[in-house]
Chemist: 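Can you keep this structure in mind? I'll have questions shortly.
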Amino acid sequence: MNRTETPMFQSYEQVEQAVMAVVEEKIINGRFLKTLRDGGFSSAQICEFALQYSYYSRNFPRVLGAAVAAVEPLDRWWVPLVDNMWDEAGRGNPKGYHSKMYRTFLESTAPGVAISDEHVPDYPVGEATKKAVESFLSFLRSASTLEAMAAVGLGSELFAGLVMGEIGQGLRHPNYNREQRLNVSFWMAHADTHEPRHYQLCKDVLLDFHSEQDLQAIYRAGVIIASSEARFYDELYDEMMAK
């Protein structure tokens, strides 16, 4: 990924606002979410989204593991990331595995697709999804400790609850629930409880860094990953519209 030029910041709150401005422009007001909210996708296109996002979702623990590997081996850095990963594992309860939660959505959206015991659909993964996962992992391979925490915190968890809530609400549109009611519990659970907590754990660490240099590093990492996610939704939109 190319480094991006950064504005001047005097506080962490200004960094948050700058990253959220990118998210609002490129994701919240992007083609994918706008069409989803308007009920503009066909059943086949929603099915495609569900199948592709399953790969994105089940690879997130790999992203968190890469972030853990990137940070210093100190509790303040790795514990928030592992706590996030523990949520992916249902905090030790197999019934709460996020892969199982996602499966309920997938089965309601793509009932004709076989799904393995490991919750993997028998369906090819598209380029948009593979690129999004690899971009996140690639950034973390060379990230500093601060960049890794900012990438997960500002680049993902800051707005994950908002975006997943928008997706969950969009999937409730009557156009998508005529033949079979979609199970959106996966999306709403993340929007209501999981993601806000995950972000707060990262933020509690990032707030300790006040220098202009650190704030710019935090912003760069956040906006690079946020922009990568925006490209994911935009490119996935193109793939969906081809269905």
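The first residue of the sequence shown is numbered 1, and numbering continues consecutively from there. Scope of the values below: all heavy atoms of this structure, side chains included, with no hydrogens, waters or symmetry mates. Keep in mind that this is a model prediction, so the values were computed, not measured.
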Chemist: For K34, does the NZ atom have more than 12 heavy-atom neighbours from other residues, nucleotides or ligands under 6.0 Å away?
Modeler: no
Chemist: Do the ring centers of F139 and F136 come within less than 6.0 Å of each other?
Modeler: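 No.
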Chemist: Would you say Y97 and I115 are hydrophobically clustered, going by side-chain heavy atoms of ILVMFWY under 4.5 Å?
Modeler: no
Chemist: Please report the shortest heavy-atom distance between G39 and N175, naming the atom on each side.
Modeler: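 Closest approach of G39 to N175, heavy atoms only: O-ND2, 2.8 Å.
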Chemist: Decide yes or no on salt bridge (Lys or Arg N to Asp or Glu O under 4.0 Å) for R141 and E134, but give the supporting numbers first.
Modeler: CA-CA 10 Å; R141 288 187 191 106; E134 182 52 40; 2.7 Å; yes
Chemist: Regarding E88 and N84, do their side chains bring together a donor and an acceptor under 3.5 Å, going by distance alone?
Modeler: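 Side chains of E88 and N84: no pair found under 3.5 Å.
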Chemist: So, F49 versus F32, ring centres under 6.0 angstrom or not?
Modeler: yes
Chemist: Between K130 and E127, is a salt bridge (Lys or Arg N to Asp or Glu O under 4.0 Å) present by the stated rule, with each step listed?
Modeler: CA-CA 5 Å; K130 287 190 289 188; E127 289 303 314; 3.1 Å; yes
Chemist: Would you say E48 and Y123 are linked by a side-chain donor-acceptor pair, where the criterion is simply a distance under 3.5 Å?
Modeler: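 Side chains of Y123 and E48: pair found under 3.5 Å.
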Chemist: Are any of the side-chain nitrogens in R31 or D238 under 4.0 Å away from the carboxylate oxygens of its partner?
Modeler: yes
Chemist: Would I218 end up clustered with L201 when hydrophobic side chains under 4.5 Å apart are linked, directly or stepwise?
Modeler: no
Chemist: Is the backbone of G126 close enough, under 3.5 Å, to the side chain of Q52 for a donor and an acceptor to pair up by distance?
Modeler: yes
Chemist: Closer than 3.5 angstrom, by distance alone: can the side chain of S228 be matched with the main-chain N or O of I224 as a donor-acceptor pair?
Modeler: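 No: the side chain of S228 does not pair with the backbone of I224.
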Chemist: If you count every heavy atom of other residues, nucleotides or ligands that lies below 6.0 Å from R181 atom CZ, does the total exceed 12?
Modeler: no
Chemist: In terms of relative ring orientation, are H98 and F186 parallel, tilted or perpendicular, with 30° and 60° separating the classes?
Modeler: perpendicular
Chemist: Would you say NZ of K26 has more than 12 non-hydrogen atoms from neighbouring residues, nucleotides or ligands within 6.0 angstrom?
Modeler: no
Chemist: Tell me whether F60 is reachable from Y233 by hopping between hydrophobic residues (I, L, V, M, F, W, Y) whose side-chain heavy atoms are closer than 4.5 Å.
Modeler: yes
Chemist: Hey, are R103 and E107 close enough for a salt bridge, meaning a charged N less than 4.0 Å from a carboxylate O?
Modeler: yes
Chemist: Could you check whether any side-chain N or O of Y102 sits under 3.5 Å from a backbone N or O of A50, counting only pairs where one atom can act as donor and the other as acceptor?
Modeler: yes
Chemist: Counting only heavy atoms from other residues, nucleotides and ligands, does the tally under 6.0 Å from CD of E13 exceed 12?
Modeler: yes
Chemist: Between T104 and M101 (side chain of the first, backbone of the second, donor and acceptor by atom type, cut-off under 3.5 Å), is there such a pair?
Modeler: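 Between the backbone of M101 and the side chain of T104 there is a qualifying donor-acceptor contact (under 3.5 Å).
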